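Here's the structure we're looking at; comments come further down.
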Amino acid sequence: MADDAQDLSEVRQEKLRQIAALGLDPWGHRFDGATPIGDIRKLPAAPFDDAKPGPKVRAAGRVVRHRTGGKLQFLELWDQTGRVQLMVRVNKVSETDWKVVNLLDLGDLVGVDGEFGATKTGELTIQAEKLTFLAKSLEPHPKDTYGMGDLEYRLRHRYLDLVYTPDTLRRAHQRVRIVRTIRNHLDGLGYLEVETPTLHAIAGGAAARPFETHHNALDIPLFLRIALELPLKRLLVGGIEKVYEVGRVFRNEGISPRHNPEFTMLELYQAYGDYHTMMDLTEGLIVACVDALGGGRTIPYGEKSVAFEPPFQRAKYADLFREHVGCDMTDEVAVRAAARAEQIAADGKAHDVLVQELFEDLVEEKLAGPVFVYDYPASLCPLTKRKRDNPAVAERFELYVHGMELANAYTELNDPVLQEQTFRQQLAGLPADESMAKMDADFVRALRHGMPPAGGLGVGIDRLVMLLTNTPTIRDVILFPLLRPQG
RNA sequence: GAACCGGUAGCUCAGUCGGUAGAGCAGCGGUCUUUUAAACCGCUGGUCGUGGGUUCGAGUCCCACCCGGUUCACCA
């Protein structure tokens, strides 16, 4: 296997030597003025006719097919905007260029100057007049249209995947379009984009285990952030009334089709708003993203589809619970019985934890959505303001689509005394590094200086992109998902 | 972290009951000036994930480990 790979790359190494022997640089140089292949293909293409030459074009890209043969050869040239056929005829190019054509391997990068037109069969084609060798590929590429079947192979060779799997490049573009739409939308609403630290002394704002590192000069442990929340709320205290960040967060947890250890979150905060403000904003934001992709508001997702047509459905957590679990979420005896029926271990668990587990097991999967689920059990939400008429309920919503949580928002807790208290309560039950509420005295101090009442929103960008681009695994909306390193 | 499924040529894959390791494409050598996954003739290419074990004989059976996938668990 290693021998064979060596054989194939040795053949390429030998061709490299032959290219060099022709006086050409196998690693190429600056090549200006190429037109994207996608643009070339839009030019009028008449059948080749020496009496009426077509437009002269220059293109650059990767050789992805090569139909060899006698004195006429066809190649296909790929760039990120498309593919075009090259036709090379022995009497239309220099002797050197003809030798080069016969040395080309799949994967080599070349520039071409020639005449654009159509062959007898109507295939859009550049008839080469001059070739410029730009770079050698020393490794064999997968045979175009065959290769790239194996997910691990695609992930470990993403640079090939981008070339040979059109969806991979398409999704990369769609992801950028979504993120750009989010920024434009929020900028248009007067939000200020900021960048806050990735290295935290206390990894707060979410329930997750952090990655740990160490700062040498200060000789202190530091954690990669697991959320953007706490620094952004400090900015609310500082008078930045509308603020957002799109940033990478890191959670030292398992990997799955929906989880990568580093992923991208949008968090935003708006002073003097609340969770209803956030609901309206979320709806507008997501519809803007859907519209930006230009595929209509009903989007396929696997076998299903989702209609992102506002207004989205809104449903109370307690009502959904009653509907799907069959009892009142405040009825401790009934909840315990329901948990037992679902084979959820109830021992030692707080009532609200059982409620949430039942909700996850029995309700979430039924939420085709998009649906805003609102008013959560308060003890699950240590950073959220309670309802003014019912302290057992927190002003929080999550947006669900096909059982997936797309967004999470709440009316921010700005009472420093209550905040300190909920931090301490959460700490009691869970290991410190897993608690949602790690005691962050500096954050409490910030609140003590007065944070305006506010609404806040978090959106998992990767999952949003998955849903909007019909991608079943997070690995394909992240260009380089984490894999165990391989020699 | 657990269970299950998978790993065979550069790529995609077959390999029956344990009996000489296969195909297509790629590659190499030919023929060919309008091909379209070009075609045709010939050839090369393998530590069957790794290491042990059983056996006269292991890609195939057993054990351990490595890598990936899926489902759990945790979460977004």
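Lettering follows sequence order; numbering is per chain, from 1. Everything quoted here is computed from the prediction, not taken from an experiment.
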To the closest 0.5 Å, what do you measure between OG1 (A/Thr411) and CG (A/Leu383)?
13.0 Å

Contact class for A/Asp462 vs. all strands (heavy atom < 4.0 Å): base, sugar-phosphate, or nothing?
nothing

Does A/Gln80, at its CD atom, have more than 12 non-hydrogen atoms belonging to other residues, nucleotides or ligands within less than 6.0 Å?
no

Touch class at under 4.0 angstrom, heavy-atom based, for A/Gly70 against every strand present
base

Using a heavy-atom cut-off of 4.0 Å across all strands, would you classify A/Asn260 as base, sugar-phosphate, or nothing?
base

Among B/C67, B/U35, B/A26, which nucleotide has an atom closest to any side-chain atom of A/Leu8?
B/A26

B/C17 and B/U60, which share atom name C1', separated by this distance in whole Å:
10 Å

Is A/Arg475 near enough to B/U70 that one of its side-chain N or O atoms lies under 4.0 angstrom from OP1 or OP2?
yes

Of the candidate nucleotides B/U71, B/A26, B/U33, which contains the atom at the shortest distance from the side chain of A/Leu106?
B/A26

Which of the following nucleotides, B/G68, B/A38, B/G27, is nearest to the side chain of A/Arg65?
B/A38

In whole Å, what is the span from the CG atom of A/Asp361 to the P atom of B/U71?
16 Å

Distance between the C1' atoms of B/C13 and B/U50, in whole angstroms?
23 Å

For A/Asp476 and B/G68, give me the distance from atom CG to atom P, rounded to whole Å.
16 Å

Write down the distance between CD (A/Glu360) and C1' (B/C72), rounded to a whole number of angstrom.
14 Å

Presence of salt bridge, A/Lys385 and A/Glu412, under 4.0 angstrom:
no

Just to be sure I understand the rule, does A/Arg12 reach a base, reach only the sugar-phosphate, or reach nothing, if contact means heavy atoms closer than 4.0 Å?
nothing

If the C1' atom of B/U44 is compared with that of B/C56, how far apart are they to the nearest Å?
33 Å

OP1 or OP2 of B/G68 sitting under 4.0 Å from any side-chain N/O of A/Arg484?
yes

Output the rounded distance in Å from CG (A/Asp108) to C1' (B/G27).
13 Å

Partner of B/G6 by Watson-Crick or G-U wobble geometry, both contacts under 3.5 Å, or none?
B/C67

Quick one: closest heavy-atom pair of A/Ser9 and A/Glu139, and the distance?
CB-OE2, 4.3 Å

On RNA chain B, does the nearest nucleotide to A/Tyr153 precede the nearest nucleotide to A/Val90 from the 5' side, or the other way round? Give the residue.
A/Tyr153

A/Asn408 and A/Arg396 side chains, donor-acceptor separation under 3.5 Å:
yes

Applying the 3.5 Å cut-off to both distances, the Watson-Crick or G-U partner of B/A23 turns out to be B/U12

If you measure from the C1' atom in B/G46 to the same atom in B/A14, how many Å do you get, rounded?
15 Å

When you check the phosphate oxygens OP1 and OP2 of B/A38, does a side-chain N or O of A/Arg67 lie under 4.0 Å from one of them?
yes

Taking atom C1' in both B/A26 and B/C67, what distance in whole Å separates the two?
25 Å

Looking only at side chains, do A/Arg89 and A/Gln127 share a donor and an acceptor under 3.5 Å apart?
yes

Name the nucleic acid region contacted by A/Glu123, choosing base, sugar-phosphate or nothing; use a 4.0 angstrom heavy-atom cut-off, strictly under.
base

Same-atom distance (P) from B/U8 to B/G51, integer angstrom
15 Å

Which of these passes side chain to side chain contact (heavy atoms under 4.5 Å, CB included) with A/Leu266: A/Val179, A/Leu228, A/Val246?
A/Val246

Side chain of A/Asp105, heavy atoms from C-beta onward: which of B/U33, B/G10, B/C28 has the nearest atom to it?
B/C28

Below 3.5 Å, does any donor atom in the side chain of A/Gln73 face an acceptor in the base of B/U35, or the other way round?
no

Determine, stepwise, if the pair A/Tyr317 / A/Tyr376 fulfils ring pair (Phe, Tyr, Trp, His ring centres under 6.0 Å).
CA-CA 6 Å; A/Tyr317 187 99; A/Tyr376 276 65; 4.6 Å; yes

Quantified in whole Å, what is the C1' atom distance between nucleotide B/A3 and nucleotide B/C61?
22 Å

Could you please name the partner base of B/U35, counting Watson-Crick and G-U wobble pairs only when both distances are under 3.5 Å?
none

So, is A/Lys15 near the phosphate of B/C28, with a side-chain N or O under 4.0 Å from OP1 or OP2?
yes

Assign A/Val459 to base, sugar-phosphate, or nothing according to its heavy-atom contacts below 4.0 angstrom with the strands shown.
nothing

Quantified in whole Å, what is the C1' atom distance between nucleotide B/C48 and nucleotide B/G59?
5 Å

Using OP1 and OP2 only, check whether a side-chain N or O of A/Arg156 sits under 4.0 Å from B/G68.
yes

Atom CG of A/Asp150 to atom P of B/C5: distance rounded to whole Å?
19 Å

For RNA chain B, whose closest nucleotide is more 5', that of A/Gln85 or that of A/Glu405?
A/Gln85

Whole-Å distance separating the CD atom of A/Glu357 from the P atom of B/A73
9 Å

Across every strand shown, the nucleotide meeting Watson-Crick or G-U wobble geometry with B/C40 (both distances under 3.5 Å) is B/G30

Heavy atoms only, 4.0 Å cut-off, all strands: where does A/Phe48 land among base, sugar-phosphate and nothing?
nothing

Only pairs with both distances under 3.5 Å count, Watson-Crick or wobble alike; so what is the partner of B/C72 in this structure?
B/G1

Assess whether atom CZ of A/Arg17 is packed by more than 12 heavy atoms of other residues, nucleotides or ligands within 6.0 Å.
yes

Checking contacts here: which listed nucleotide (B/C28, B/U34, B/U33) is nearest the side-chain heavy atoms of A/Phe74?
B/U34

Mind checking who B/C61 pairs with, Watson-Crick or G-U wobble, both distances under 3.5 Å?
B/G53

Between atom CG in A/Leu151 and atom C1' in B/C67, what is the gap in whole Å?
13 Å

What's the CG-P distance between A/Leu72 and B/U31, to the nearest Å?
16 Å

